[in-house]
*Asks:* 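First the structure, then my questions, so here it is.
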Amino acid sequence: MKILHLDSNHPLLVAQLATLGFQNTEDFTSPKEEIEKFIAQYDGLIVRSRFPIDAAFLGKAKKLKFIGRVGAGLENIDTDIAEQLGIKLFNAPEGNRNAVGEHALGMILSLFNKLNAANSSVRSGKWQREAHRGIELDGRTVGIIGYGNMGKAFAKKLRGFDVEVICYDIKQNVENADAKQVSLHELFEKTEILSLHTPQTPATIGMINTEFINQFKKSFWLINTARGKSVVTADLVSALKNGKILGAGLDVLEYEKTSFEDLFQTKEEIPKSFAELLSLPNVLLSPHVAGWTIESKEKLAQTIVDKIKNEFC
Ligand SMILES: O=C(O)[C@H](O)COP(=O)(O)O
């Protein structure tokens with residue numbers, strides 16, 4: 001079988017697929033329109049998220065038997081059409097869930113201990129101890145929305161912190177020893193730190209808006225290592241300014257990648273709320289790297305090889 005790789009990944013991916021007898025072609029640069037001209041000759045496609053694999057693309061992929069998504073999120077693939085066409089889909093949340101869990105926890109501890117500000121302050125020659133007095137996680141209630149691979153990995157990281165962990169998920173009976181599944185109502189009542197671990201779907205886009213935020217009984221901290229479009233930036237900024245949200249750790253944003261860079265090149269186009277978000281001191285940001293560790297790069301590749309091997313070898 002012939003496999004086309006659209007993004008670079010850990011070298012073990014191509015090496016092991018070759019050992020299993022697959023023919024591999026790498027094309028990390030040709031635009032989608034070019035790839036569409038020759039995708040018909042391939043049996044397999046390996047992607048991260050270079051461009052959307054939409055219905056038009058899939059319609060041209062006449063021989064395609066599988067798509068390996070070297071990552072967790074599937075929003076860049078038209079999964080309904082793929083299913084209709086009998087194309088198998090493999091993603092790899094098992095490969096980067098631990099990285100996401102550690103990053104989310106790291107964001108909480110950084111925010112609580114004001115590490116970002118303290119680091120800048122000390123580097124600028126200051127020694128401001130009172131200004132950098134932190135708060136503790138001990139005894140607090142952490143609410144998780146989305147209790148799949150990522151949510152569970154994050155909850156596991158909280159073992160040993162003496163926190164109550166509750167989770168909300170649209171699926172029934174997902175709880176385990178690390179978190180108690182609760183209703184949205186109970187989540188709103190108890191949560192002091194909210195961590196999002198939901199995929200991007202029509203239901204989660206814009207989910208965290210003013211109406212939603214105001215249902216929380218207490219002011220809370222928000223951690224988002226899932227998808228930026230789940231949060232309405234303007235509403236988040238309002239809540240950060242009026243104190244309903246005490247601080248936010250955001251690995252994902254409403255505007256990312258090229259749109260983010262474009263926005264910086266043409267400053268007048270930056271939406272006011274987005275520019276404001278980037279300037280708030282109680283916001284900690286990272287460039288969508290929660291699932292991107294040295295270890296997860298290898299584990300993601302291995303997960304995809306194993307799934308392809310299991311199905312086709
Ligand atoms: O879905 C994922 O696994 C992460 O968001 C990373 O995806 P990316 O490597 O395609 O950006």
Side-chain angles (χ1 to χ4, degrees), residues 3-14 26-32 35 44-54 57 66-79 82 89-107 144-154 156-157 195-205 207-208 222-231 249-262 285-308:
I3 301 181
L4 180 65
H5 297 251
L6 289 184
D7 298 274
S8 77
N9 284 296
H10 192 283
L12 77 76
L13 183 62
V14 168
E26 295 179 316
D27 188 332
F28 305 153
T29 51
S30 297
K32 187 176 168 209
I35 306 268
L45 183 69
I46 303 282
V47 299
R48 281 209 332 261
S49 48
R50 189 155 74 82
F51 57 72
I53 308 299
D54 56 20
F57 184 93
F66 69 88
I67 301 173
R69 158 60 167 127
V70 190
L74 286 168
E75 73 275 11
N76 59 325
I77 300 171
D78 192 327
T79 52
L89 280 175
F90 308 113
N91 67 341
E94 303 89 340
N96 61 3
R97 61 190 174 194
N98 183 68
V100 169
E102 290 189 13
H103 196 96
L105 178 59
M107 284 189 133
I144 297 174
I145 298 188
Y147 205 61
N149 273 284
M150 303 297 167
K152 287 192 174 84
F154 169 61
K156 190 174 165 189
K157 296 293 157 196
S195 193
L196 304 180
H197 295 282
T198 38
Q200 183 175 307
T201 66
T204 61
I205 292 174
M207 167 175 74
I208 310 296
L222 174 70
I223 305 297
N224 190 6
T225 53
R227 285 294 180 261
K229 293 199 188 316
S230 296
V231 178
L250 309 172
D251 180 56
V252 289
L253 294 169
E254 196 174 343
Y255 308 99
E256 290 185 6
K257 300 183 181 172
T258 50
S259 61
F260 188 87
E261 284 150 19
D262 292 347
L285 301 160
S286 56
H288 202 146
V289 290
W292 269 36
T293 58
I294 302 286
E295 291 86 351
S296 73
K297 188 171 183 181
E298 186 170 342
K299 285 187 276 182
L300 284 166
Q302 190 64 59
T303 304
I304 291 297
V305 172
D306 292 346
K307 289 187 179 181
I308 293 171

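Keep in mind that this is a model prediction, so the values were computed, not measured. Whatever order the structure lists ligands and atoms in, that order sets their numbers, starting from 1.
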*Asks:* Heavy atoms, side chains only, cut-off 4.5 Å: are Y147 and H197 in contact?
*Replies:* no
*Asks:* Above 12 or not: heavy atoms from other molecules or residues under 6.0 Å from NZ of K299?
*Replies:* yes
*Asks:* With D54, which residues qualify under side chain to side chain contact (heavy atoms under 4.5 Å, CB included), at least two apart?
*Replies:* K32, A56, F57
*Asks:* At less than 4.0 angstrom from any non-hydrogen atom of R227, what atoms of ligand 1 do you find?
*Replies:* 1 (O), 2 (C), 5 (O)
*Asks:* Quick one: look at R69 and ligand 1, take heavy-atom pairs under 4.0 Å, and tell me if it's side chain, backbone, both or neither.
*Replies:*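 For R69, the contact with ligand 1 is made by the side chain alone.
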*Asks:* Is any side-chain N of the basic residue among K307 and E94 closer than 4.0 Å to the acidic one's carboxylate O?
*Replies:*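 Looking at K307 and E94, the cut-off is met.
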*Asks:* Atoms of ligand 1 less than 4.0 Å from S49 heavy atoms?
*Replies:*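 Checking each atom against S49, I get 8 (P), 10 (O), 11 (O).
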*Asks:* A72 heavy atoms, cut-off 4.0 Å: which ligand 1 atoms fall inside?
*Replies:*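 The list of qualifying atoms is 1 (O), 2 (C), 3 (O).
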*Asks:* So, N149 side chain and R97 main chain: donor-acceptor pair closer than 3.5 Å or not?
*Replies:* no
*Asks:* Using a 3.5 Å distance criterion without hydrogens, assess whether the side chain of E256 forms a donor-acceptor pair with backbone atoms of L253.
*Replies:*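 Such a contact is found between E256 side chain and L253 backbone.
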*Asks:* What atoms in ligand 1 come closer than 4.0 Å to a heavy atom of R48?
*Replies:*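 Near R48, the atoms of ligand 1 are 9 (O), 10 (O).
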*Asks:* So, is G73 polar-close to ligand 1, with some N/O to N/O distance under 3.5 Å?
*Replies:* yes
*Asks:* Has ligand 1 got any nitrogen or oxygen that is less than 3.5 angstrom from a nitrogen or oxygen of G71?
*Replies:*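 No, no N or O pair falls under 3.5 Å.
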*Asks:* Under 4.0 Å, heavy atoms only, figure out whether ligand 1 is touched by the backbone of N96, its side chain, both or neither.
*Replies:*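 Contact part for N96 vs ligand 1: side chain (C-beta onward).
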